[in-house]
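No hydrogens, no waters, no symmetry mates; every other heavy atom, side chains included, goes into these values.
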Amino acid sequence: MYLFGSLLLGLACLTGALSTTIPGPRARATGRSPGCGSAPTITSGIKTLTVNGKQRQFTIRVPQNYQEDKGYKVIIGLHWVGGTMDQVAGGGTTGEPWAYYGMQKMANESAILVAPQGLNNGWANSGGEDIQFIDAINKYIDSGLCVDQAQRFSMGFSYGGAMTYAIACARAKVFRAVVVIAGGQLSGCSGGSDPIAYFGIHGISDGTLNVAGGRSMRDQFVKNNGCASMAGAPEPRAGSRTHITTAATGCQEGYPVLWAAHDGGHGPAPADAPVPSSDDGLRTWMPATVWAFYTQPQLARC
């Protein structure tokens, strides 16, 4: 069954690669962006776009060894309430090891990294305006850099996790996978019926956005991805200072769901004992686990 499913998936990928890169009603974006094969027109730094009459900014980091004929992953990191794109891009007080939620270090110059700035330092997504901002960023990057359009990812913490969830709902055909860290349903969920690879990370003692909400968000994509129920998935006991990561079973090939519950509160960088703090950007297990999720073989296929 697995071999047969993989064969069908491969044929679907081939069909997609031979057709337009604009996703249709049930199609996923595939192929390389218009910026491939030409000298790049985008450099690292802060960029400004006008979206619905508003000036919107984001920070982008282009790989230092950028090659115009190589299709790159794009990883978008969304800040928390009151946060900024500079904090995401610079790693905050932790610095470079935590830049882009640790993805700069993990990607090691293999991905285009993006940190957008939310209006009023948040992601209310009123009338879908933040989704349109993300669309505009993708279009801008596609025109000036070489992007593997089947390898777009979003991740965020708290309000940034809420916005990442909104992206999963509204742009599941555009993004390959999302990582929601201590998120809640704060930015809406337009659509929400298409499958997308989904990884939820949540502290069992989160007093800001309760873990029950994180489970509910996860379960939406358990359903969309055709997985078996994750009700009763194991979670660490309070006081254990550990985490438990569980993969859903029975999911549609190419659409895994992962759930990591940790014995911690509302933080972006969960760390297990014996690390003194339960939230530590230098010693968190999160970046390596997320990178393994993004780079697993089934996500390399369409």
Side-chain angles (χ1 to χ4, degrees), residues 16 19-36 40-42 45-62 71-79 85 88-89 100 111-156 159-180 183 185-198 221 224 294 302:
S19 63
T20 177
T21 59
I22 301 173
R26 298 295 296 176
R28 174 172 295 281
T30 60
R32 302 198 309 165
S33 69
C36 294
T41 60
I42 298 172
I46 297 174
K47 312 299 177 184
T48 302
L49 299 174
T50 301
V51 183
N52 293 329
K54 297 179 180 180
Q55 298 292 297
R56 305 295 303 265
Q57 290 190 319
F58 64 95
T59 295
I60 184 170
R61 186 182 187 279
V62 179
Y72 286 86
K73 290 179 173 64
V74 173
I75 302 175
I76 294 178
L78 296 161
H79 65 74
M85 62 183 183
V88 172
Y100 295 94
I112 298 164
L113 304 172
V114 182
Q117 179 62 46
L119 295 171
N120 300 312
N121 300 96
W123 300 104
N125 193 31
S126 301
E129 65 180 342
D130 290 324
I131 289 291
Q132 293 170 38
F133 177 35
I134 297 299
D135 289 343
I137 290 173
N138 283 336
K139 183 178 180 180
Y140 174 81
I141 295 173
D142 281 3
S143 68
L145 294 172
C146 189
V147 173
D148 181 344
Q149 294 180 314
Q151 291 286 287
R152 292 189 213 274
F153 305 91
S154 180
M155 65 187 299
Y159 217 160
M163 186 60 204
T164 291
Y165 184 76
I167 288 171
C169 291
R171 295 294 182 266
K173 301 184 189 75
V174 177
F175 284 78
R176 189 65 187 86
V178 297
V179 176
V180 176
Q185 294 198 44
L186 307 174
S187 306
C189 179
S190 177
S193 60
D194 290 317
I196 187 171
Y198 187 94
F221 290 95
N224 291 0
Y294 282 162
C302 71

Q | Taking every non-hydrogen atom, the tightest pair across C146 and I112 | A | O-CD1, 4.1 Å
(Q) Among residues at least two apart in sequence or on other chains, which ones pass side-chain contact (heavy atoms from CB on, under 4.5 Å) with S126? (A) A124, E129
Q) With a 4.5 Å heavy-atom cut-off, do Q151 and Y294 have their side chains touching? A) no
Q | For P34 against Q149, the heavy-atom pair lying closest together | A | CD-NE2, 4.3 Å
Q.
Could you measure the distance from the CD atom of Q132 to the CG atom of L49? Nearest 0.5 Å is fine.
A. 13.0 Å
Q. To the nearest 0.5 Å, what is the distance between NZ (K47) and CD1 (I141)?
A. 10.0 Å
Q) What are the two closest heavy atoms between T41 and S143, and how far apart are they? A) OG1-O, 4.4 Å
(Q) Quick check: closest heavy atoms across R176 and F153, and the distance to 0.1 Å? (A) CB-CE2, 4.0 Å
Q. How close do T59 and A89 get, heavy atom to heavy atom, and via which atoms?
A. CG2-CB, 3.9 Å
Q) Does the side chain of V180 come within less than 4.5 Å of Y198's, by heavy atoms? A) yes
Q. With sequence neighbours left out, what residues match D130 under side-chain hydrogen bond (donor to acceptor under 3.5 Å, both in side chains)?
A. R56
Q. Under 4.5 Å between any side-chain heavy atoms of F175 and I196, yes or no?
A. yes
Q) What residues, two or more places apart in sequence or in another chain, satisfy ring-ring contact (aromatic ring centres under 6.0 Å, His included) together with F133? A) none
Q: Could you walk me through whether R171 and D194 pass the salt bridge (charged side-chain N to carboxylate O under 4.0 Å, His left out) test, one step at a time?
A: CA-CA 9 Å; R171 295 294 182 266; D194 290 317; over 6 Å; no
Q.
List the residues meeting side-chain contact (heavy atoms from CB on, under 4.5 Å) with T50, not counting sequence neighbours, and say none if there are none.
A. Q55
**Q.** Heavy-atom side-chain contact between L186 and Y159 under 4.5 Å
**A.** yes
Q: Enter the distance from Q57:CD to I46:CD1 here, rounded to the nearest 0.5 Å.
A: 6.0 Å
Q) Taking the side chain as C-beta and beyond, is there a heavy-atom pair between N138 and I76 under 4.5 Å? A) yes
Q. Is there a side-chain contact between H79 and W123, using heavy atoms and a 4.5 Å cut-off?
A. yes
Q) How close do G77 and P116 get, heavy atom to heavy atom, and via which atoms? A) O-CD, 3.4 Å
Q) Looking at CD1 of I131 and SG of C169, how far apart are the two atoms once the value is rounded to the nearest 0.5 Å? A) 8.5 Å
Q) To the nearest 0.5 Å, what is the distance between CE (M85) and CG (N121)? A) 10.5 Å
Q. Taking side chain as C-beta onward, heavy atoms only, is I167 less than 4.5 Å from L78?
A. yes
(Q) Quick one, Y165 and C189 - any side-chain contact, counting heavy atoms below 4.5 Å? (A) yes
Q.
With side chain to side chain contact (heavy atoms under 4.5 Å, CB included) as the criterion, how do V62 and L145 come out once you've worked through the C-alpha distance, each side chain's angles and the decisive distance to 0.1 Å?
A. CA-CA 9 Å; V62 179; L145 294 172; 3.9 Å; yes
Q: Would you please name every residue forming a side-chain contact (heavy atoms from CB on, under 4.5 Å) with N224, sequence neighbours left out?
A: Q220, F221
(Q) Listing request: all salt bridge (charged side-chain N to carboxylate O under 4.0 Å, His left out) pairs with a residue in residues 136-150, at least two apart in sequence or in separate chains. (A) D142-R152
